[in-house]
Amino acid sequence: MVRAMQIDGKPWRTIWRDQAGGVGIIDQTCLPHSFETLTLASLQDAAVAIRTMQVRGAPLIGAAAAYGLALGLDEDPTDIGLERAHRALAETRPTAINLRWALGRVVDSVCALLPEARAERAFAEADAIAEEDVAINAALGRFGAELIKEIAAKKPGRTVNILTHCNAGWLATVDWGTATAPIYQAFQAGIPLHVWVDETRPRNQGAFLTAWELNHAGVPHTVIADNAGGHLMQHGQVDLVIVGTDRTTRTGDVCNKIGTYLKALAAHDCGVPFYVALPSSTIDWTLTDGRKIPIEERSGTEVSHISGRTADGRIVEVQLTPDGSGVANPGFDVTPARLITGLITERGIAPASAEGLAALFPERAKSRAA
Ligand SMILES: CSC[C@H]1O[C@H](OP(=O)(O)O)[C@H](O)[C@@H]1O
């Protein structure tokens, strides 16, 4: 299987253990105009990286938090140290359930151990979480690629047009991505496809990250304003929408980047299939109502300002809005299950319903009843 994440022909992941005992990451706040990596050497480094979105995307946030807890135990393996590290990381971002899921897995793996054994075990658990993410995303990619192939079969010789919102690419995971895994695998299988990339205001994960990824993967794509998607759907230029998610309830309500709900409404109105790609670690089995998912409110400067590259290559930030204007910046919204055609998971494609998810994950549905 060809890995999705290649940069100039060299395989990459978004997070890795380095030789000096630190944790390497791609600093996503520098993309697309500069590719920078850095080393997380402490709990504080990891917490800052998550909070400032140097690493972002639900699965990658989970992996980074797991490694951050291991770094914290390296500093202080006592029960107090474990509690402090857990709290510092849990407080970084409220919406993606993978953060809490990964922290819980690492805590469960070390809490009964003697303090001196905890850091090594925590790093091993973080490694396992990262490796599992790669395999899970490759698996959901195979199921999603079949979907794209079915659509292609109905359009012999013509291109399949896929719209995606935000970045649910390999930059949002350890490898492959979630929404992009089916795209990469269908593309590598020779399916003629093209991706409409929502810019995804205000952090522009689509314009800055998804476009950068697809460029490096050689996938044909077009960056569009967020508000263009509905028009393209009305004019038959979108065959399929695939997005990611930060938290999905056991009943199939999907919390994802702000603007996802509006895309789902347009797709529903235009009869365009709307799929959500997710690893099961993004399912919150304790929730049945998406309206209960905490929505992160980020800094208003993300709306009032934007950064970019000048003609002479400098990266500058400029103010967009007038002095004195208020701004609001909810980071996510919730798409109700009724607007979702299906959920692409590592075990197959399920209807967006409690029954659909329970059929694929019976052991989770039973044990995590709210
Ligand atoms: C595969 S999860 C990707 C998910 O995470 C993004 O949020 P953020 O960039 O704020 O971490 C966005 O909601 C993506 O769909």
Side-chain angles (χ1 to χ4, degrees), residues 4-5 14-15 25-29 31 49-65 92-99 101-102 129-130 132-134 136-138 140-141 144 163-184 197-213 226 241-248 254-264 274-284 290 293-299 302-303 329-335 340 343-346:
M5 189 187 289
T14 50
I15 193 165
I25 62 166
I26 296 172
D27 182 348
Q28 299 190 28
T29 61
L31 293 172
I50 296 169
R51 190 179 300 111
T52 63
M53 297 175 70
Q54 289 174 309
V55 290
R56 31 87 24 223
L60 179 54
I61 287 171
T92 51
R93 295 189 72 190
T95 303
I97 187 68
N98 306 60
L99 176 64
W101 165 80
I129 287 169
E132 287 165 23
D133 185 61
V134 176
I136 283 169
N137 296 335
L140 71 83
L163 184 143
T164 192
H165 188 70
C166 198
N167 174 254
W170 52 255
L171 288 171
T173 67
V174 179
D175 200 343
W176 282 111
T178 58
T180 58
I183 293 169
Y184 289 136
V197 177
D198 272 0
E199 60 178 343
T200 317
R201 289 281 295 144
R203 287 279 307 211
N204 308 297
Q205 287 94 326
F208 291 5
L209 303 178
T210 302
W212 182 85
E213 275 194 36
D226 291 323
V241 178
I242 308 183
V243 299
T245 173
D246 295 82
R247 190 182 307 211
T248 292
V254 164
C255 180
N256 195 48
K257 184 54 56 201
I258 195 80
T260 303
Y261 171 52
L262 295 177
K263 287 295 130 58
F274 186 93
Y275 282 86
V276 178
L278 73 159
S280 55
S281 53
T282 310
I283 299 170
D284 183 343
I293 297 172
I295 302 297
E296 179 181 19
E297 185 72 32
R298 291 192 63 89
S299 162
E302 293 181 352
V303 176
N329 186 15
F332 300 91
D333 60 24
V334 175
T335 299
I340 297 167
L343 302 172
I344 305 169
T345 78
E346 67 269 29

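Each ligand, and each atom within it, is numbered from 1 in the order the structure gives.
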Mind running side-chain hydrogen bond (donor to acceptor under 3.5 Å, both in side chains) on T282 and N98 for me, showing each step along the way?
CA-CA 6 Å; T282 310; N98 306 60; 3.1 Å; yes
For a quick test of reading the model, state the closest non-hydrogen atom pair linking E213 to L171 and the distance between them.
OE2-N, 2.9 Å
Table of N or O contacts for ligand 1, cutoff 3.5 Å:
unit_1, atom_1, unit_2, atom_2, d
ligand 1, 5 (O), D246, OD2, 3.0
ligand 1, 9 (O), R56, NE, 2.9
ligand 1, 9 (O), R56, NH2, 3.2
ligand 1, 9 (O), Q205, NE2, 2.9
ligand 1, 10 (O), R93, NH2, 2.7
ligand 1, 10 (O), K257, NZ, 2.7
ligand 1, 11 (O), G57, N, 2.9
ligand 1, 11 (O), R93, NH1, 3.0
ligand 1, 13 (O), D246, OD1, 2.5
ligand 1, 13 (O), N256, OD1, 3.2
ligand 1, 13 (O), K257, N, 3.2
ligand 1, 15 (O), N256, OD1, 2.5

Heavy atoms of Y261 and T335 approach each other most closely as CA-OG1, 3.3 Å
Over all heavy atoms of both residues, which pair between A49 and I25 is shortest? Give the atoms and the distance, please.
CB-CD1, 4.1 Å
Who pairs with E297 by side chain to side chain donor-acceptor pair (under 3.5 Å), at least two apart in sequence or on another chain?
none
If you apply the rule side-chain contact (heavy atoms from CB on, under 4.5 Å), what do you find for T14 with V55, and how did you get there?
CA-CA 8 Å; T14 50; V55 290; over 6 Å; no
